[in-house]
Amino acid sequence: MEGFKIKSVKARQVFDSRANPTVEVDITLNDGTVGRGIVPSGASTGLFEAVELRDGEETFDGKGVSKAIHHVNEQLAPLLLDMDVRDQKAIDSRLIEIDGTPNKSRLGANAILGCSMAACWAGANYYKVPLYRYLGGSAANKLPVPMVQIIGGGAHADNAIDIQDFLVIPTSASTFSEGYEMVVNVYNAAKMIFKGAGKPVSIADEGGLWPTGFQSNEEGLKLLCESIELAGYTPGQDLGIALDIASSEFYDQERGTYRLELEKKTLTKEEMVGMLSDWVDKYPIISIEDGMSELDWEGNLLLTQKLGKKIQLVGDDLFTTNIERIRKGVEMKVDNAVLIKMNQIGTITETIETIEFTQNHGYLPVVSARSGETEDCTIVHLAIATNAGQLKVGSAARSERTAKWNEVLRIEEALGSSARYPSKGVFAAAGIQFNQY
Ligand code: 2PG
Ligand code: MG
C-alpha cells in the first residue's frame, strides 16, 4: 500500500474570526498522515473573485456553508481518493475540472480551496518537512516584510471611516523580528493616543483600532505619524505608511465618482488621484492598495502615471489574484504590485502560478489574509515558499492575526543564518524610488 495516496477527504463546518461558518477539510493518507486547511473569507470582496458558496438560507444570515461541505464530502472526495498527494498540480487540476466553471461557482471556491490546502499540508506532513520547504524547496528562505494594520475602517469597521486600512511597513529593520517588534510598538503607541484622547479602545475586524470620532480620513494619516513618533521612531525613516483605500466600496460606476461619506465629498477620478497624490507629498506613504475602483481602469492608469515610480501601487479587487486580469494590468502599465489571496482564485497551484507571473513581470506580490480568518497559517508558508517578500495579515492583535505573525517568527528561528530579509529593498524590484529615502 502506497502511503502517499489519499485515503479519505472530510469537510466540516468550523467558524472564522467574524463568527461566520467556514469550511475545514482534513485529508488523510494511507499511512495515516493528515493535512488540514481552513478557508478564509473576505468582506470587501472583489467582483471578479472566484465564488464563495454560501447557503443563502435563514441559518447564519444566509452565510451557512453546508452546501460547500456537502460538495466536498459527496462530489470531490470520491474523485480525490487514491490520488498521489505529492502531485499538488494534478490534484488542483482535478478539482478545477470537476467543478467545470471558470470561477468555481458550481461547487464553490471555498469547497475547492479547502481540499487544495489540506492536500498540500498532507504532502508536507508526509515528508515531515515544513510547508514552506515542501512547496518552495531549498531556495525558500526569504522572510516577508510585514504590512500591518493600525487602524481598521471601511467594511471592517461599519464604515466609521471611508478608508479601509491604515497600515505601517517597517523600513529600517534588518530582520523580520526587529521589524515586527517596531510595528507592535507603533500599535501600542496608537492605543495610548486613543486612550489619551478619551476615545474607547475597541478593535475592528482585523484587529486594528476602531476609528471612533474621526472628522476626516486624513486624520488617520496624522495619527499614524504621531504613533510612529510616540513609539520612538521617525516616520518615513524607520516606518512607512501603507493604505488600502478599498475604493471599489465607494465608487459610483454610473457617474464615475468616488464618495467619501465621512467628509460628505464626491470626487471625480482626477480629484481622487489628486487627493492621494497630495497625501503622498505630505505623509510618508510608501504603498497604496486599490486607490481606484476595480471597474475604473482609466482611473487606475491615471494614478499609476502619477505615483507608479514613487510608491508601491497594489491591485487587490482590481486583479483578484487572476493572471488574466494581471496581464491586462501589465499591458496597460497599471499598478506595480498584486495582492495575493488564495480564495480569490481558489487553489494553491493557481495561487503559486499567479505569484510567479507577478514576479516574472516585474510586479511585486503581497501575500494577504482575508478579513475573516482562522488559526490557519497556510499563507505564511506560501509567502516564504515563493520568496514573495511581503505579507499582509491585518493587525498585531487578535489571535487569528498573531497566529500568522508568530509563525513567521518561528520560521525565522528555524532558518537561522540562512534567512534572508529584504527590508525596504523589496520595493526596488519594481523600480520604486521613494521620495523620502
Ligand atoms: C483587503 C482584505 C484584507 P477583505 O481588502 O485587502 O484587508 O479585506 O478580506 O475583506 O477583502
Ligand atoms: Mg484590499
Side-chain angles (χ1 to χ4, degrees), residues 16-20 22 38-52 54 63 109-110 113 144 146-159 161-169 203-211 220 241-251 276 287-296 300 303 312-322 325-326 329 335 337-346 351 364-374 376 378-380 383 388 390-398 400-401 404-405:
D16 73 13
S17 53
R18 264 196 290 248
N20 290 325
T22 190
I38 316 178
V39 179
S41 171
S44 62
T45 44
L47 282 175
F48 306 98
E49 296 193 14
V51 175
E52 175 187 75
R54 297 280 181 185
K63 293 202 170 85
N110 41 352
L113 180 63
M147 185 190 276
V148 187
Q149 190 193 61
I150 305 297
I151 303 168
H156 302 163
D158 213 10
N159 295 305
I161 191 168
D162 303 286
I163 287 169
Q164 183 181 284
D165 297 340
F166 292 83
L167 315 100
V168 293
I169 299 176
I203 58 178
D205 279 4
E206 297 191 17
L209 299 169
W210 188 281
I241 292 176
L243 296 173
D244 181 359
I245 310 289
S247 64
S248 305
E249 298 286 310
F250 53 84
Y251 179 63
L276 295 175
S287 179
I288 295 180
E289 177 181 328
D290 283 348
M292 309 298 280
S293 160
E294 64 202 332
L295 296 169
D296 185 7
N300 276 292
L303 185 69
Q312 173 169 260
L313 293 175
V314 190
D316 170 13
D317 292 351
L318 183 69
F319 293 141
T320 53
T321 316
N322 183 318
R325 294 189 62 83
I326 301 165
D335 285 352
V338 179
L339 205 75
I340 303 287
K341 291 167 166 170
M342 299 180 295
N343 74 331
Q344 283 184 332
I345 191 68
T351 309
L364 304 173
V366 181
V367 175
S368 173
R370 299 304 310 236
S371 46
E373 271 292 337
T374 67
D376 189 281
T378 309
I379 57 163
V380 171
Q390 292 180 77
L391 182 64
K392 177 191 179 202
V393 303
S395 198
R398 294 181 58 135
E400 79 280 4
R401 313 290 149 189
K404 278 110 176 135
W405 299 127

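All ligand and atom numbering here is 1-based and tracks the order in the structure. Here the structure is a predicted model, which is why all the values come from computation and not from measurement. The figures here come from the full heavy-atom set of this structure, side chains too, leaving out hydrogens, waters and symmetry mates.
Tested against Q390, the residues L364, L339, V314 include a single side-chain contact (heavy atoms from CB on, under 4.5 Å) partner, L364. Each of V148, D165, I169 was checked for a side-chain contact (heavy atoms from CB on, under 4.5 Å) with K392, and the lone residue meeting it is D165.
Inspection of the R54 and S41 side chains reveals an N or O donor paired with an N or O acceptor under 3.5 Å.
Residue D290 does not count as close to the Mg ion (ligand 2), with no N, O or S atom under 2.8 Å. Put simply, D317 stays out of reach of the Mg ion (ligand 2), with no N, O or S atom under 2.8 Å from it. Among the atoms of E289, an N, O or S atom falls under 2.8 Å from the Mg ion (ligand 2).
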Would Q344 and T320 satisfy side chain to side chain donor-acceptor pair (under 3.5 Å), going step by step from the backbone distance to the final call? CA-CA 6 Å; Q344 283 184 332; T320 53; 5.4 Å; no
Determine whether T374 and D376 satisfy the following criterion, side chain to side chain donor-acceptor pair (under 3.5 Å), listing intermediate values before the conclusion. CA-CA 5 Å; T374 67; D376 189 281; 5.3 Å; no
Quick one: do K341 and E49 satisfy salt bridge (Lys or Arg N to Asp or Glu O under 4.0 Å)? Show the steps, please. CA-CA 10 Å; K341 291 167 166 170; E49 296 193 14; 5.1 Å; no
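Near ligand 1, heavy-atom contacts under 4.0 Å come from G42, A43, S44, H156, Q164, D165, E206, D244, E289, D316, L339, K341, A369, R370, S371, K392.
In D244, the N, O or S atom that comes nearest to the Mg ion (ligand 2) is OD2. Its N, O or S atom nearest to the Mg ion (ligand 2) is what matters here, and for D316 that atom is OD2.
For the atom pair CD1 (I340) and CG (L391), the distance works out to 12.0 Å, reported to the nearest 0.5 Å.
Remark: R370 does not engage E52 in a salt bridge, criterion side-chain N to carboxylate O under 4.0 Å.
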